[in-house]
Amino acid sequence: MRELQAALFALLALGGLAVVLTRDPLRQALVVGVYGLLLALLFFALQAPDVALSQIVVCTVAVPVMILLALAKIHGGEHDEEDRKSSPEGEPR
Amino acid sequence: MSALAYGTAGWLFLVGLYGIVTSRNLIHMVICLTVVQSSTYVLLLSIGYRSGAAAPVFADIPPGSRAVDPIVQALTLTDVVVEATVVALMLALAVQAHKRFGTLDPNELTPLRG
Amino acid sequence: MILPLLCAAVLAAVNQLAPRWATDAMGLACALAVLVLCAVLAAHASHRLVYWFGGFHVRHGVAVGIAFSVDRIGAGMATLVALMVSAALLYSVRYFDEVGSLFGALMLVFLAGMVGFCLTGDLFDLFVFFEVMSVAGYALVGYKIEEAGPLQGAINFAITNSVGSFAMLTGIALLYGRTGALNMAQIGAALATHPADGLVTVALLLIMVGLLVKAAIVPWHFWLADAHAVAPVPACVLFSGVMVELALYGLARVYWSVLSASLAAHTADLRAVLIALGLLTALIGAVMCCAQRHIKRLLAFSTISHSGMFLVGLGLLTPAGLAASGEYVIEHAMLKGALFMAAGILLHRFRTVDEHELRGRGRGGDPGLRVAAAVFVLGGLGLAALPPLGVFFGKSALDGALTPVPGYGWVVGVLVVGSALSAGAILRVAGRVFGGWGERVPRHHEVLSAVSELPETLSPHDRTPAVMVAPPLILLIGGLVVGLFSGLRAAIAAAAAQMADRASYVAAVLGGHAHAIPAPHTPVVTLDFLLAAATVLGAVALAVWALAAPAVWWPLERVQGVATAGIVVLRRLHSGCVNDYIAWLVAGLAVAGAALALA
Amino acid sequence: MSERARLGLFLGAATGMAVLLAWGMAGLPAFGAFHGAYALLIDHVVVAQRHATDAVTAVNFDYRGLDTLGEEFILFTSVVGLAVLLREQRSERERPPARAGEEHRFQGASCALRTLTLLLVGPLVVLALYVDSHGALTPGGGFQGGVLGAAALLLVFLGGGYLTMRRLSPHRLVELAEAGGAAGYGLIGVGGIVFAGAFLKNFLGYGTAGELISAGTIPLLSMAVAAEVSGAFVLLWSEFLDQALIVRRG
C-alpha cells in the first residue's frame, strides 16, 4: 500500500509538471485529463472513494469538455475570420 | 513518506504558480490554476489519511472501526466543485477576451495599464 | 430566536434568485429584509449569539456541526453590507439600459456570501462564503462584455483572487492538520496551549495573504484598480464600500478568535509587519490616486489607500485599534459609495468618466448634477476628515489608538499625508469637472493614465432619474454625520472589545464562563483637530495647486521631477498583466513570511 | 515588467515560499498518523445517529450541510455568471439552427458508432440515478450522479447532434431543474426549522441503516443537489456550445 501511494505521489508531482509545461492548450486538455485520473487513483489509494468519483467526473469529463468547447469556439472563430477574408461576399461559408 | 506526501502538495502549488507566471495563453493559465488547486486536495487528503484504515464507508466495515478522516474528504468534495465553477467562469472570460482582443496572450491585453 | 429568521431571510434572498423572473423590486425587498434582520441582530448581539446549523451542539468539547457565532462587529458589518447592497440595488434600477434580472441575482448571491462571511464561526465555512462572494464578484466585474477593459479586469481579478483563496485554504488545512478542528473557537482553544511554531506562523501567513489579496493591500492590490475601473458602478459601490473591508474583518476575526493566544509572544512582530504593509498601501494608493484621470480608477486607488489605513488600525492588534478601524470603515463605506454613484451619474449623462474630457461639463444646473457636485466636494472633504464630519471621528479614534502603542507615534504623520493626497485628487476632480477650472490635458500623458471605457448606457441622457440621485445623497449625508452619534461610537468600542476577547468567544461557543474586557474609550483631543485641519488644508492646497498649475520655483520643480519619475516607475509596475500580479503575490508572500519567520 | 525580471522575481520568491511551506508542513502530524478529534467523533456517531453508512455523504449533507449549501450556490452563481458573460451580444447572431445542427453532428461518426453512443445513454442515466440515490450508503452522491446525468445528455449530443440535445432538454426545463435543485436544498433546510427547530436539521425518520430510504433528509438533499448539478452542467456545456455556434457579424 505504502509503495503504491509513494509511487502515485511521485507520478503526480511529475504529472503536475507535465501539465504546466504543455504549452499547447489542446494537448494540455488531454494531459490534464490524464493528470485528473492520476489524482483519482491517488484518492482511491488514500481511501477516499467519494472524492475520487467526483474527481473523475469533474477532471476527466466536465473540465476537458469545457476546455475543448472553448477551444472549438476560439479556433472556429479564427476559421470564420479566415473564411470571411477569403470569400468575396464576406458571408461566412 | 510524510515529506513525499506534503512535499507533493507544496510542489504542485509552486509548479502551478510557475505555470501561471510564465503563461502566454489564458486557457493554459486556467489549467495551471487547476494544478494549484489540486495541491489543496492532495494536502487535505494526505493530512486526513490514517495508515491501515479503511474508507469511511460503514456499509463494508463495522461502525466505529478505524477509518480515514471523512471531514477532509467532504471538504475536498466542496473544493472540487469550486474548481469546476472557477474553470467555467474563467474559460468564459477567455472566450470573450479572444473575441475582443483576438489573442489569448495576457501580455497583449492592453486596456488597463498604469 | 432571531437567528433562524435571519437565515431564512438570507435563504429567501437566495431562493428568490432561483427563478429568473426575480425582478428588481424583489431583489430590493430581499436586500431590505436582510438589512432589517441584520440590524435587529446587531442590536441583540451585545451577548454573543451562537447558532448551530442542523442543531448539532458541542460534544466533549468538539464542534460537530457548523456554527454561526454572531457578535456585534460581525452583525454590524452584516448590517453595513445589507445597507450598501440595498442602496446599490436601488441605484441600479434605472442605471442599465439593458436591464437583466441576472444582475440582481448576482448581487443577491454576493450579498448572501458577504453576510455569511460576517456571521460564520467556522473556518472552512469562511472559505466557502469567501468563494461565493468571489465567484459572484468575477461575474459582476465582467458584466459589460462588449468591451475589452472589463474582461481584462475580470480575468486579473479572478486569477489573482483564486490564487489567494487557495493559499488561504492551504493555511486552513495546516490548522486542521494540527488541531483536527474547523470551528474557530475550538481551534483557538486547541492552539492556546502552545506557543506558535512554524506551522501556526505559516498558516497565519497563508490565511493572511488570501485575505489581504482581497483587501487590496500592496503588493497584492493590483487587481483592484483594474476591476474597479471597469466594473458597473453598483458593483463598484459594493467592492469598494464593503468587500475590501470584509476581507480585513476576516483577518481580524481569524486573529482574535483563533490565533491571538498562541501568537501572544509574537504580537510586536506581527504588528510591525501589518503596520508596514498598511502604510505602504496608504502611500502608494494615494500617490497612484493622484496620477489618474479616469475617475472610477482614481476612486479605486483612493480605496486602496484607505484600505491600508484600516489595516494600520487593525494591525495595532489592540481593541482600540480595531474599534477605530470599524468606525472608519462605516464612514468610508458610505462616502465612497456616494462618490462611485456620483461618478455613475456622470457616466450616465456624458458617457465618459475621464476627468479632462468632462472639464466644465458638470456646471449645469439640474438636480442630478448638483447632487453629483455636492457629493464630490463634500465627499472629498469628508474623506479628508473635515471636523466633525465624515471620517473625522474614525481618524481621531485611530490617532488615539496609535498613541498608547510605543514607537508608532510617527505613523499619524504618514496617514495625514496619505489622506491629504487622495482627498486632494478627489477635490481636484470636483474642481475640474464641476468648476471648469484647470487646463485640459491631452489623452496621452506621461503621468496621467488613460483608460478607455464605453458607457453602460446606450446613449447620453439629458437628465438623471431620481432613483439614481437619492441613494448617493442618502449615503453622503449618512457618511458625513454618522460619526456624530456618540452612542454608535460607544457601541463600536464595546463591539471591538467583545471581538478581541478570545476567552469569552471560546466560552460562548464551546460552553463555559469568562468575564468581559472593558471597552476602550478614546476621547477626541485637540491634536486630532490639528491633524484633521492639516489634512483638509493639505488636500485643498493640493487640489488648488493641481488646478491652478502656478509657476513653480526651482526646489519644487526638482521635487516635481523626482516625483514624476517615481510615478512613472510606479505606473509601469501596474502593468495590467496578470502574470506580473502573480509574481508580485508570491514575492509579497515570501517577504512577509520571511519578516514573520525571522522576527 | 520584462519577462526576465518577472521570472527572476518569481523564482526568488518561490524559493522563499517553498522554504516557508516546508517549515509549516514540518509541523503536521506524520503521514498516516493523524487522529483528529472531529473525525473520530463523526466516525463513531454517524451510523448510530444518522443511520447513514457513508460518513462523507453524511458530513456533506448533514453535519456540514451549510458548506454544501454554499457550494450549491457557488455552482448556481457560476451558471448565472456564465449566462451573463456569454450572453448574446448586439453584434452577434446565431446561425440558422437547421444548418447548425447539421454541422455539429460529428461528420466522422458512423451510423453504428452513433447508435452505440445512444445505446450508452440509457445505462448512464440509470447509473446516475443509482449513484444519486445511494449517496448515504456507498461512495457517491448527488454531485457525482448529477455530473453523470449531465454527461448522458452530452452523449446525446455526440451521437445525435446538437439539435436533438436541445430538443431533449428544453432550456427552460433545465433551468428549472437547476434553480429548483438549489432552491429545494434551501427549502429542505427551512423544513428543518419548521419541524425540528434548526436550519438544515435532519427532520425525517432515519430508517434502517443500509436501506435505500434511510438517513432522513440526506437522500432528499442528495437528489436536490443532483438536480441542481446536472442542470448546472448541462447549462454550462450548452452555453459553451452556443458560443461555438455564434458567429460575429462582420
Side-chain angles (χ1 to χ4, degrees), chain A residues 1-3 5-29 31-32 35-36 38-40 42-59 61-64 66-75 77-78 81, chain B residues 1 4-5 7-9 11-13 15-20 22-28 30-32 34-36 38-39 41-42 44-46 48-57 67-70 72-77 79-81 83-84 87-88 91-92 94-95 98-99 102 104:
Chain A
M1 199 61 189
R2 270 297 149 94
E3 293 71 30
Q5 285 165 354
L8 282 171
F9 274 121
L11 269 178
L12 202 64
L14 291 179
L17 192 64
V19 173
V20 165
L21 293 182
T22 312
R23 299 279 166 182
D24 172 28
L26 187 60
R27 202 170 296 162
Q28 210 188 8
V31 178
V32 87
Y35 174 74
L38 267 181
L39 271 173
L42 177 74
F43 296 164
F44 272 121
L46 291 178
Q47 303 293 349
D50 281 275
V51 189
L53 278 183
S54 55
Q55 179 64 31
I56 289 177
V57 293
V58 168
C59 222
V61 181
V63 169
M66 284 192 282
I67 294 173
L68 290 177
L69 285 175
L71 283 173
K73 163 64 194 165
I74 283 162
H75 291 304
E78 274 164 12
E81 269 155 39
Chain B
M1 191 64 195
L4 183 60
T8 304
W11 165 255
L12 289 176
F13 202 107
V15 162
L17 285 182
Y18 169 80
I20 296 177
T22 56
S23 180
R24 302 300 300 265
N25 182 313
L26 282 175
I27 294 188
H28 175 264
V30 173
I31 300 177
C32 291
T34 68
V35 173
V36 177
S38 68
S39 101
Y41 315 154
V42 174
L44 277 170
L45 290 179
S46 303
Y49 181 71
R50 304 175 66 207
S51 321
V57 179
V68 303
D69 189 339
V72 287
Q73 301 195 5
L75 305 188
T76 315
L77 273 178
D79 207 11
V80 170
V81 180
E83 171 189 332
V87 168
L91 284 177
V95 166
H98 184 263
K99 270 191 212 164
L104 283 172

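Chain identifiers are assigned alphabetically (A, B, ...) following the order of the sequence lines, protein sequences preceding nucleic acid strands; residue numbering begins at 1 within each chain.
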ask   = Can you find a pair of side-chain heavy atoms, one from B:Gln73 and one from A:Phe43, that are under 4.5 Å apart?
value = no
remark   = Value for NE2 (B:His28) from CD1 (A:Ile67), rounded to nearest 0.5 Å, stands at 11.0 Å
request  = Could you tell me which of A:Gln5, A:Met66, A:Gln28 has the largest number of non-hydrogen atom pairs under 4.5 Å with chain B?
outcome  = A:Gln28
Residue A:Val58 versus chain B: region with a heavy atom under 4.5 Å = side chain
message = Please rank B:Leu91, B:Val87, B:Ile20 by heavy-atom pairs under 4.5 Å with chain A and give me the top one.
response = B:Leu91
remark   = In terms of heavy-atom pairs under 4.5 Å with chain A, the winner among B:Ala74, B:Ala84, B:Ala88 is B:Ala88
ask   = Hey, which of B:Ile31, B:Val42, B:Asp79 has the most heavy atom pairs under 4.5 Å with chain A?
value = B:Ile31
remark   = Turns out that what part of A:Ala52 lies under 4.5 Å from chain B's heavy atoms comes down to neither
message = Less than 3.5 Å apart, any donor N or O on the side chain of A:Tyr35 or B:Ser38 sitting next to an acceptor on the other?
response = yes
ask   = B:Asn25, B:Thr22, B:Val30, B:Thr76: which one forms the most heavy-atom pairs within less than 4.5 Å of chain A?
value = B:Thr22
task = Check side-chain contact (heavy atoms from CB on, under 4.5 Å) between A:Ala6 and all other residues, then give those that pass, not counting sequence neighbours.
result = B:Met1, B:Leu4
request  = List the atom of A:Ala13, the atom of B:Leu12, and the distance in Å for their closest heavy-atom pair.
outcome  = CA-CD2, 4.4 Å
inquiry  = With a 4.5 angstrom heavy-atom cut-off, is it the side chain or the backbone of B:Leu45 that approaches chain A, or both, or neither?
reply    = both
remark   = Honestly, the part of B:Thr34 sitting under 4.5 Å from a heavy atom of chain A is side chain
query = Between atom OH of B:Tyr41 and atom CG of A:Leu12, what is the distance when rounded to the nearest 0.5 Å?
reply = 12.0 Å
task = Determine the minimum heavy-atom distance between A:Ala70 and B:Val95, stating which atoms define it.
result = CB-CG2, 3.7 Å
ask   = Distance from B:Asp69 atom CG to A:Leu46 atom CG, nearest 0.5 Å?
value = 12.0 Å
inquiry  = Only pairs of heavy atoms separated by less than 4.5 Å count here; which of A:Leu17, A:Val63, A:Thr22, A:Val20 has the most with chain B?
reply    = A:Val20
message = Any non-hydrogen side-chain atom of A:Gln55 less than 4.5 Å from a side-chain atom of B:Leu77?
response = no
query = Can you name the residues that form a ring pair (Phe, Tyr, Trp, His ring centres under 6.0 Å) with A:Phe9, not counting sequence neighbours?
reply = D:Phe31
